[in-house]
J.: 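The structure follows.
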There are 2 protein chains.
Amino acid sequence: MIYSTELIKGTLKTIVLKLLADNKRMYGYEITQRVKELTFDKIQISEGALYPTLHALESEGLLVTELEYIGKRVRKYYSLSPSGKSKSKEKLSELADFIETMKLLLDLKVKTA
Amino acid sequence: MIYSTELIKGTLKTIVLKLLADNKRMYGYEITQRVKELTFDKIQISEGALYPTLHALESEGLLVTELEYIGKRVRKYYSLSPSGKSKSKEKLSELADFIETMKLLLDLKVKTA
DNA sequence: GAAAATACATAAGATTCCGATGTATTGTAC
DNA sequence: GTACAATACATCGGAATCTTATGTATTTTC
């Protein structure tokens, strides 16, 4: 199944913040691949969506960056700032709560972990 | 908790289709109130979002309407067309699947029903 | 050495929602 | 009996966010 794109909207920031909370630092391309992996290709983040989002999170002060050279190629690592860490927790609990609400609202059968 | 608006994006059509699948027919204002009720005020659908969505679903052939007069006031009832019924099921299972995927991706602790 | 993968980025356009505004009727509280 | 809240429809400008396409360049793989 491939999700209709509108469904994924609004969750991208939360996904990015969560991945960075778990992984100390990641670079953009790595994030797209990790999400693809973890979701068995069901969610594929386009670069046109990801990079603007990363830049936005950075300018909000939630992410900090460091450049690294792999050979001649630049790689830009992102990691959470202190405020990014608390924002990450905030966003995650919001999403968890939202999912609970949607389950109630829609009578969804969601399997237990 | 009030959800950040971006989180709700992309689920409105599914919510509407599900409510109509359960309730035979509903009118716009009723939908906003029902959602508010069912979610304990956590999700409040604005009219500026709902009415265009209803019109869109109607022009896609998923909904049919009938006008009714309550005193002098017009009320527009929406109900699912045959294709609306199958679309409703489709959208619901997609959302259920998406929620599963998000749980995996984000390690969310979601309570059992 | 050609193609695929890695790795960044921007930009035009589409979609979708928010917030405000508009109109009108009906119910309620004082 | 009248002001206010609730009911009930609707549209519109603007904001936000994503899609698709494009661009540049390096590195790996076949």
Side-chain angles (χ1 to χ4, degrees), chain A residues 2-17 19 25-37 39 41-60 62-63 65-78 91 95 98, chain B residues 2-17 19 23 25-37 41-60 62-63 65-78 91 95 98:
Chain A
I2 299 163
Y3 302 130
S4 61
T5 57
E6 86 225 15
L7 206 53
I8 303 169
K9 292 190 182 189
T11 58
L12 182 52
K13 279 189 183 175
T14 306
I15 291 173
V16 168
L17 290 173
L19 286 181
R25 63 176 209 166
M26 297 181 84
Y27 53 97
Y29 187 76
E30 188 184 12
I31 292 174
T32 64
Q33 296 313 107
R34 188 69 60 85
V35 170
K36 194 165 176 287
E37 248 176 68
T39 63
D41 296 8
K42 288 175 176 180
I43 297 181
Q44 295 186 27
I45 298 176
S46 71
E47 295 177 293
L50 181 64
Y51 288 115
T53 297
L54 286 172
H55 299 161
L57 289 172
E58 187 185 5
S59 74
E60 284 174 54
L62 302 174
L63 303 185
T65 59
E66 31 180 348
L67 292 178
E68 218 160 278
Y69 280 86
I70 308 297
K72 282 179 185 173
R73 191 155 52 190
V74 163
R75 188 181 281 175
K76 200 183 209 171
Y77 278 100
Y78 290 88
K91 283 285 206 180
L95 182 52
F98 178 70
Chain B
I2 299 164
Y3 302 130
S4 62
T5 59
E6 84 226 16
L7 206 53
I8 303 169
K9 293 190 183 190
T11 58
L12 182 52
K13 279 189 181 176
T14 305
I15 291 174
V16 169
L17 290 172
L19 285 181
N23 292 283
R25 63 175 209 168
M26 297 181 85
Y27 53 97
Y29 186 76
E30 188 185 11
I31 292 174
T32 65
Q33 296 313 106
R34 188 68 60 85
V35 170
K36 194 165 176 285
E37 248 177 67
D41 296 8
K42 288 176 176 179
I43 298 181
Q44 296 185 28
I45 298 176
S46 71
E47 296 177 291
L50 180 64
Y51 289 115
T53 296
L54 287 172
H55 300 161
L57 290 172
E58 187 184 4
S59 75
E60 285 174 53
L62 302 174
L63 302 185
T65 58
E66 32 180 348
L67 291 179
E68 219 160 279
Y69 279 87
I70 309 297
K72 282 179 183 172
R73 190 156 51 192
V74 163
R75 189 182 281 173
K76 199 184 212 170
Y77 278 99
Y78 290 88
K91 283 287 205 178
L95 181 53
F98 178 69

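Chain letters run A, B, ... following the sequence lines, proteins first, then strands; residues in each count from 1. This is a predicted model, so every value here is computed, not measured.
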J.: Identify, between A:Tyr51 and B:Leu12, the residue whose nearest nucleotide on DNA chain C lies closer to the 5' end.
T.: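 Its nearest nucleotide being more 5', the pick is A:Tyr51.
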J.: Would you say that A:Thr65 contacts A:Leu54 through its side chain, given a criterion of any heavy-atom pair below 4.5 Å between the two side chains?
T.: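 Not in contact.
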J.: Tell me: CG of A:Leu50 to P of C:dA7, nearest whole Å?
T.: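 For the pair A:Leu50 CG and C:dA7 P, the rounded distance is 13 Å.
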J.: A:Leu7 has an atom CG; how far is it from atom P of D:dT19, in whole Å?
T.: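 Taking CG of A:Leu7 and P of D:dT19, I get 12 Å after rounding.
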J.: In residues 68-78 of chain A, which residues come under 4.0 Å of DNA chain D by heavy atom?
T.: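 Nucleic-acid contacts, sorted: A:Ile70, A:Gly71, A:Lys72, A:Arg73.
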J.: Take A:Lys9 and A:His55, find for each the nucleotide of DNA chain C with the closest heavy atom, and name the residue whose nucleotide sits nearer the 5' end.
T.: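 In this pair, the answer is A:His55.
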J.: Find the bend of the helix from C:dG1-D:dC30 to C:dC30-D:dG1 as the angle between its two terminal axes (five pairs each), to the nearest 10°.
T.: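 Comparing the axis at each end, I get an angle of 30°.
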J.: Where do B:Pro52 and B:Glu47 come nearest, in terms of heavy atoms and distance?
T.: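 The answer is CD-O, 3.8 Å.
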J.: For C:dG19 and B:Ser46 - does any side-chain N or O of the residue sit under 4.0 Å from the phosphate oxygens OP1/OP2?
T.: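 Answer no for this pair, as no side-chain N or O of B:Ser46 is under 4.0 Å from OP1 or OP2.
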J.: Below 4.5 Å, heavy atoms only, C-beta onward: do A:Val74 and A:Tyr69 meet side chain to side chain?
T.: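 In short, these two side chains touch, coming nearer than 4.5 Å.
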J.: Of all heavy-atom pairs between A:Thr32 and A:Ile45, which one has the smallest distance, and what is that distance?
T.: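 Scanning both residues completely, I find the closest heavy atoms to be CG2-O, 3.7 Å.
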J.: Whole angstrom is fine here: how far is it from CD1 in B:Ile31 over to C1' in D:dT7?
T.: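 So the two atoms are 15 Å apart, to the nearest Å.
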J.: Where is the tightest heavy-atom contact between B:Tyr51 and B:Tyr29, given as atom of each residue plus distance?
T.: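 Heavy-atom minimum between the residues: OH-N, 3.8 Å.
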J.: In Å and rounded to the nearest 0.5 Å, what is the CG to CG distance from B:Leu17 to B:Leu95?
T.: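 Spacing of CG (B:Leu17) from CG (B:Leu95) equals 11.5 Å.
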J.: Distance check needed: D:dC12 P versus B:Glu47 CD, whole Å only.
T.: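 Going from CD in B:Glu47 over to P in D:dC12 covers 16 Å.
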J.: For D:dA8, take OP1 and OP2 only and decide whether either is under 4.0 Å from a side-chain N or O of B:Tyr27.
T.: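 Looking at the OP1 and OP2 atoms of D:dA8, one of them is under 4.0 Å from a side-chain N or O of B:Tyr27.
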J.: Nearest whole Å is fine: how far is C:dA7 P from A:Arg25 CZ?
T.: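 One finds 13 Å between P of C:dA7 and CZ of A:Arg25, rounded.
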J.: Do the non-hydrogen side-chain atoms of B:Leu62 and B:Lys13 ever get within less than 4.5 Å of each other?
T.: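 The answer is no; the side chains never approach within 4.5 Å.
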J.: Between C:dT6, C:dC18, C:dC8, which nucleotide has the shortest distance from any of its atoms to the side chain of B:Ala49?
T.: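 Nearest to the side chain of B:Ala49 among the choices is C:dC18.
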J.: Separation of A:Tyr29 atom OH from D:dA25 atom C1', in whole Å?
T.: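 Checked: the OH to C1' distance equals 14 Å.
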J.: Taking the side chain as every heavy atom from C-beta outward, state whether A:Ile43 and A:Thr11 have any atom pair closer than 4.5 Å.
T.: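 Side chain of A:Ile43 against side chain of A:Thr11, heavy atoms only: no contact under 4.5 Å found.
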J.: Apply salt bridge (charged side-chain N to carboxylate O under 4.0 Å, His left out) to the pair B:Arg25 and B:Glu66, showing each step before the final yes or no.
T.: CA-CA 9 Å; B:Arg25 63 175 209 168; B:Glu66 32 180 348; 3.3 Å; yes
J.: Please tell me which of the listed nucleotides, D:dT11, D:dT7, C:dC17, lies nearest to the side chain of B:Thr53?
T.: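 Within the option list, the nearest is C:dC17.
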J.: So what does A:Glu30 hit on the nucleic acid, given a heavy-atom distance under 4.0 Å: a base, only sugar-phosphate, or nothing?
T.: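 Nothing: the residue A:Glu30, judged by heavy atoms under 4.0 Å, touches no strand.
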